[in-house]
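Numbering of residues begins at 1 and proceeds along the displayed sequence. Here the structure is a predicted model, which means the values were calculated and not measured.
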Amino acid sequence: MLNIIFKSSTVLGLLLLFTLNSCKDDLPSEMDTSSKFTKLESIRLVNAGSNGDIALEGTIDHDKKEISFPRIDPDTDFSNLKFEIQGSDGARLEKDFYEVVFQEGESERSIVLKVVNNPRSSEYFARLRLRVPVFGAEFTQAVTYDYSNNPGGNAKYDKFTGGLVRGSGFSKNYVLVVDRSGNNAHVLRVSDLRNNVVTPIPLGAPAGGYAGGTFTMHSGAISGDHIYVASLSGSNASPLKIYHWTDPAQPAEVILNTTTAAATPASYRFGDNMSVNLDENGNGNIYFVDNGGLRILKYNVTNYTTISAPVFFETGVAALGSWGSYNKVPNSSQYIFTGHDGPVRLVGEQANVVYQATKFPVRLSDVRVVNFNGERYIMGVTAARTGQEGTVFQVYNITRGETVDDGLRFLDASADGPLLSYSLDGPVNINPASQTGWAVIKDGEGNDDKLLLYAATLDAGFVFFEVPKKVLTED
């Protein structure tokens with residue numbers, strides 16, 4: 001019996017071994033993938049352009065797995081993009097054609113290109129950018145000319161001390177400094193300041209000298225190449241004067257010499273700040289906001305020097321501080337009405353509120369709308385009145401929308417911060433007179449080329465920036 005069992009077991013074992021050997025012979029051998037690489041050596045977009053006949057070579061960053069192409073004609077058929085590659089033997093793109101959808105207002109999109117060589121694959125992010133015009137200023141390349149308390153710049157201009165400079169102004173040629181002690185209004189050449197040269201140029205006195213007003217000179221502004229300085233009228237019996245120059249070295253022309261008694265129902269103080277809003281022909285208005293920040297005195301101006309038709313009106317809003325400004329929105333009948341105690345308001349001719357912005361610090365003062373190279377900005381400088389805030393110049397983008405009203409609403413609803421924010425490191429004081437200004441430098445063809453922006457505050461000094469226009473690059 002044992003012999004039979006042994007023989008049977010031997011036979012079964014041999015059959016099993018035969019079966020296993022047969023199965024082993026029938027199984028497929030392991031795939032050799034040693035040569036199945038997916039390295040991308042070159043790539044190009046072969047059907048760009050309005051006729052689909054332009055080829056664009058891509059640049060490959062193997063470390064980041066990124067591909068960038070030169071900017072693409074926006075008339076390209078983006079629903080049917082085709083790429084050609086060279087790479088590892090047998091490697092190819094997963095798809096023959098790709099669709100890319102640019103949303104309205106977009107000029108850049110990224111897509112994933114998958115290189116396959118079965119069973120391996122690699123993914124690259126391809127960056128596609130449209131060749132479209134660029135607008136506005138390149139704030140990342142702004143050049144700063146600092147004469148403020150900020151320790152990173154030049155020494156503060158020494159006239160901004162002792163609470164004496166309450167007014168200033170700016171143009172592409174001059175910085176105006178109104179020192180109310182001893183009739184010391186003067187200008188500094190912007191061209192000198194660019195070279196760190198500070199040479200005051202005294203303004204020529206009018207025939208008979210300066211006279212009249214609680215202070216004979218207190219506030220100032222520049223419009224075009226026209227320089228204005230106003231006295232401080234502390235009451236309706238105190239003279240309100242405006243002096244005018246086109247050449248600083250020549251004697252001033254007195255273009256306003258009056259009291260406010262006939263124009264106002266009571267005695268108010270005017271001249272702490274002067275907002276000059278003139279067009280390129282010198283026509284427009286000059287506005288004085290009273291010391292209480294509640295009332296406005298408006299004068300018509302013709303041809304830069306003819307002043308007439310005073311109009312007094314109440315603002316109808318809460319007091320906004322002693323240095324209120326009423327700055328015209330370019331190419332509009334609206335104004336930005338601000339002061340260190342009130343929010344930024346877009347208003348109409350009689351200070352009727354169109355929109356009250358919420359994005360900006362309450363202390364943002366002398367706020368202005370700026371148009372440059374197809375974009376629209378709003379800027380101002382904060383007043384360090386209580387010690388809870390600094391003296392900071394800020395610029396925001398309000399290009400979106402058709403109007404300034406639209407732009408302010410879009411900005412308020414966004415998470416956007418300032419394009420430029422710069423501290424003048426001003427001291428805290430209860431008289432934070434603050435001014436801003438701007439100018440545009442044109443190129444040889446009359447196009448916007450550089451944007452100049454200016455800010456100054458009492459005892460903090462001043463700063464201005466030169467910001468180039470944006471330029472389309474392949475980077």
Side-chain angles (χ1 to χ4, degrees), residues 40-78 81-85 98 100-113 124-145 172 194 370-379 394-400 407 410-411 414-422 438-453 464-475:
L40 189 60
E41 296 176 355
S42 67
I43 184 171
R44 62 177 187 163
L45 174 59
V46 297
N47 60 344
S50 57
N51 297 321
D53 56 357
I54 297 176
L56 301 174
E57 295 290 337
T59 300
I60 304 168
D61 186 326
H62 291 288
D63 294 330
K64 297 181 179 179
K65 293 290 185 181
E66 292 180 351
I67 306 167
S68 60
F69 290 91
R71 294 186 181 272
I72 304 170
D73 186 338
D75 290 333
T76 296
D77 181 2
F78 288 97
L81 294 182
K82 184 178 181 179
F83 300 88
E84 288 182 354
I85 70 166
Y98 292 80
V100 178
V101 179
F102 285 90
Q103 302 297 328
E104 184 178 356
E106 281 187 333
S107 61
E108 182 175 324
R109 296 287 287 178
S110 291
I111 61 172
V112 176
L113 299 180
Y124 291 82
F125 285 94
R127 182 185 178 202
L128 306 176
R129 297 166 300 157
L130 299 179
R131 182 175 293 280
V132 294
V134 292
F135 302 97
E138 186 55 76
F139 285 91
T140 62
Q141 297 180 18
V143 179
T144 305
Y145 299 92
K172 64 182 178 182
R194 283 195 179 99
V370 175
N371 291 334
F372 177 76
N373 191 30
E375 286 195 340
R376 183 172 56 211
Y377 308 110
I378 192 166
M379 69 174 192
Q394 295 184 332
V395 183
Y396 296 79
N397 193 319
I398 55 169
T399 302
R400 285 178 293 180
F410 276 119
L411 180 63
S414 75
D416 297 347
L419 298 170
L420 177 64
S421 184
Y422 188 88
W438 63 283
V440 174
I441 298 177
K442 303 283 188 177
D443 63 18
E445 297 179 352
N447 300 313
D448 292 355
D449 188 46
K450 295 178 181 178
L451 175 63
L452 302 180
L453 302 172
F464 67 93
F465 305 87
E466 185 177 285
V467 192
K469 67 179 180 181
K470 288 181 183 177
V471 177
L472 186 68
T473 65
E474 295 294 349
D475 298 333

So which heavy atom on [X] is nearest to which on [Y], and how close?
{"X": "N371", "Y": "V440", "result": "O-CG2, 4.2 Å"}
{"X": "V132", "Y": "L472", "result": "O-CD1, 3.6 Å"}
{"X": "G58", "Y": "I67", "result": "CA-CG2, 4.3 Å"}
{"X": "F69", "Y": "A126", "result": "CE1-CB, 4.2 Å"}
{"X": "K470", "Y": "A137", "result": "CE-O, 3.3 Å"}
{"X": "L56", "Y": "P70", "result": "CD1-O, 4.0 Å"}

Does [X] use its side chain to pair, donor to acceptor, with the backbone of [Y] at less than 3.5 Å?
{"X": "T76", "Y": "G49", "answer": "yes"}
{"X": "R109", "Y": "V101", "answer": "yes"}
{"X": "D448", "Y": "N373", "answer": "yes"}

Legend entry - F135/T399 under side chain to side chain contact (heavy atoms under 4.5 Å, CB included): CA gap, chis, key distance, verdict: CA-CA 10 Å; F135 302 97; T399 302; over 6 Å; no
Legend entry - Carboxylate-amine/guanidinium contact R400 D416, below 4.0 Å: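 Here R400 pairs with D416 in a salt bridge, since their nearest N and O are under 4.0 Å apart.
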What distance do [X] atom [atom1] and [Y] atom [atom2] have between them, rounded to the nearest 0.5 Å?
{"X": "L130", "Y": "D75", "atom1": "CG", "atom2": "CG", "value": "10.0 Å"}
{"X": "Y396", "Y": "L411", "atom1": "OH", "atom2": "CG", "value": "7.5 Å"}
{"X": "E41", "Y": "H62", "atom1": "CD", "atom2": "NE2", "value": "8.0 Å"}
{"X": "K450", "Y": "K469", "atom1": "NZ", "atom2": "NZ", "value": "11.0 Å"}
{"X": "I60", "Y": "E66", "atom1": "CD1", "atom2": "CD", "value": "12.0 Å"}
{"X": "I441", "Y": "D443", "atom1": "CD1", "atom2": "CG", "value": "11.0 Å"}

Inset, instruction - Please name the residue in the list R71, R127, R131, R129 that meets the salt bridge (charged side-chain N to carboxylate O under 4.0 Å, His left out) test with E108. - result: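 Of the listed options, the one satisfying the test is R127.
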Legend entry - More than 12 heavy atoms from other groups under 6.0 Å of NZ on K82: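 Count not over threshold, so no.
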Inset, instruction - State whether the number of non-hydrogen atoms from other residues, nucleotides or ligands found under 6.0 Å of K172 atom NZ is greater than 12. - result: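 No, not enclosed.
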Under 4.5 Å between any side-chain heavy atoms of [X] and [Y], yes or no?
{"X": "W438", "Y": "F372", "answer": "no"}
{"X": "N397", "Y": "E375", "answer": "yes"}
{"X": "Y422", "Y": "L453", "answer": "no"}
{"X": "F125", "Y": "V112", "answer": "yes"}
{"X": "N47", "Y": "D77", "answer": "no"}

Legend entry - Candidate pair M379 and Y377, rule side chain to side chain contact (heavy atoms under 4.5 Å, CB included), full reasoning: CA-CA 7 Å; M379 69 174 192; Y377 308 110; over 6 Å; no
Inset, instruction - Please step through side chain to side chain contact (heavy atoms under 4.5 Å, CB included) for the pair L128 and L81, ending with a clear verdict. - result: CA-CA 11 Å; L128 306 176; L81 294 182; 3.9 Å; yes
Legend entry - Within the 6.0 Å centroid threshold, strictly below: Y124 and F83: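 Centroid separation for Y124 and F83: 6.0 Å or greater.
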Legend entry - Evaluation steps, side chain to side chain contact (heavy atoms under 4.5 Å, CB included), between I85 and L113: CA-CA 11 Å; I85 70 166; L113 299 180; over 6 Å; no
